[in-house]
Amino acid sequence: MTALSTIGVIGAGAWGTALAQMLSTDGRNVLLWAYEADLVDAINSEHRNALYLPSASLSPSIRATNDLGELAQLDTVLAVTPAQNLGAVLSQLPKAPRDLVLCSKGIDAGTGQLMNEVAKAACPDSDIAVLSGPTFAHEVADGLPTAVTLACGGGNAQWERLSPEIARPSFRPYYSHDVTGAEIGGAIKNVLAIACGVVDGLALGQNARAALIARGYAEMLRFGEALGAEAETLAGLCGLGDLVLTCSSTSSRNFSLGKALGEGGSAADLMADRCTVAEGAHTAPVLKRLAEERGITMPIVIAVNAILAGESPRTAVASLLARPLKAEQERENRNHQA
């Protein structure tokens with residue numbers, strides 16, 4: 001029997017650790033890179049990540065390291081760093097892997113680039129794929145059923161290599177060629193989850209949250225299609241599916257941040273007090289800027305930015321509700337204006 005190849009995971013936060021745990025369930029070795037030396041020691045000696053995923057007892061086939069050079073020897077590497085750190089970490093790899101799977105959701109705040117653009121600049125020889133979908137880390141680590149989009153920039157050939165490497169009985173990837181759509185869905189849903197958390201923190205009710213999800217999805221579609229994403233992708237697991245999950249539970253870091261803002265918390269204090277990253281807070285300003293540059297209407301994104309900048313959440317909600325009445329669908333809007 002041929003030995004299973006080792007898979008690398010860069011980033012030992014909750015999501016990276018959960019993916020490592022999931023990948024180890026068929027007995028293969030997983031090499032998990034962590035920045036913190038004490039976390040590397042704890043994972044290797046205690047088989048636990050008490051800092052980021054305390055609920056999981058990790059497989060002995062997971063080995064942690066803080067030497068990126070070790071991961072450079074592997075054919076398949078999953079990158080699960082915070083989105084704003086992705087380029088800096090990947091640029092330290094002495095050799096790019098054949099298949100680099102991006103699992104971070106966001107837009108680079110400095111350049112406005114999607115993660116696949118950042119990764120391609122750092123690792124030009126790698127085939128880039130994006131793994132995205134409705135995934136709470138603790139559920140994946142516990143082996144609960146999960147389905148995701150695996151968008152392969154290397155097309156069917158890359159899918160044929162990666163799908164058996166990643167699929168497990170309780171973790172089901174679906175193929176897509178639309179890397180842009182997979183990334184945009186994952187990035188925008190984090191911003192919209194903050195908005196839904198604000199609604200929950202203000203106790204505005206389920207009707208308001210459902211409306212916000214639907215109108216937020218319309219903003220996602222407008223932005224995605226303007227950048228070349230396919231509507232079918234955004235209607236799938238990595239768009240609508242992820243949006244519904246993240247906008248509905250305090251297990252979402254972005255939803256939890258929004259809820260705390262709605263309850264009167266300060267954005268600066270809340271962000272400083274967190275050991276985990278709410279990516280939507282970093283994505284919101286650059287998303288607003290990119291939308292304005294392209295003339296894309298995104299009022300919910302504008303409202304989230306205002307709240308993060310210190311505006312009263314009730315004032316931001318009132319501004320949304322006071323917008324001019326219009327047709328729900330864009331085509332009807334155009335016909336009405338004509």
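Scope of the values below: all heavy atoms of this structure, side chains included, with no hydrogens, waters or symmetry mates.
Between the Thr17 side chain and the Ala14 main chain, no donor and acceptor come within less than 3.5 Å of each other. In this structure, the side chain of Thr65 does not engage the main chain of Arg63 through any donor-acceptor pair within 3.5 Å. Side-chain N or O atoms of Trp33 include none that pairs as donor or acceptor with a backbone N or O of Gly11 at under 3.5 Å. With hydrogens and angles ignored, the 3.5 Å screen pairs a side-chain donor or acceptor of Ser176 with a backbone N or O of Asp178. Within the 3.5 Å criterion, the main-chain N or O of Glu230 finds no donor-acceptor partner in the side chain of Glu225. Within the 3.5 Å criterion, the main-chain N or O of Asp127 finds a donor-acceptor partner in the side chain of Gln158.
Residues passing the ring pair (Phe, Tyr, Trp, His ring centres under 6.0 Å) test with Tyr35, sequence neighbours excluded: none. Partners of Arg314 under the side chain to side chain contact (heavy atoms under 4.5 Å, CB included) rule, at least two apart in sequence or in another chain, are Leu202, Leu204, Ser312.
In the model, Thr6 has no side-chain atom that pairs as donor or acceptor with a side-chain atom of Arg28 under 3.5 Å.
Sorted by first then second residue, the ring-ring contact (aromatic ring centres under 6.0 Å, His included) pairs that include residues 210-261, not counting sequence neighbours, number zero. The stretch residues 142-168 participates, sequence neighbours left out, in these ring-ring contact (aromatic ring centres under 6.0 Å, His included) pairs: Trp159-Tyr175. The side chain to side chain donor-acceptor pair (under 3.5 Å) pairs that include a residue from residues 284-306 are Lys288-Glu292, where partners are two or more places apart or lie in different chains. Residue pairs meeting the side chain to side chain donor-acceptor pair (under 3.5 Å) criterion with at least one member in residues 180-209, sequence neighbours excluded, are Asn116-Glu183, Lys189-Thr246, Asn190-Asn254, Asp200-Lys259, Gln206-Arg209.
Taking a 6.0 Å sphere around CZ of Arg172, one finds it holds 12 or fewer heavy atoms contributed by other residues, nucleotides or ligands.
For Asp242 against Cys238, the heavy-atom pair with the smallest separation is CB-O, 4.0 Å.
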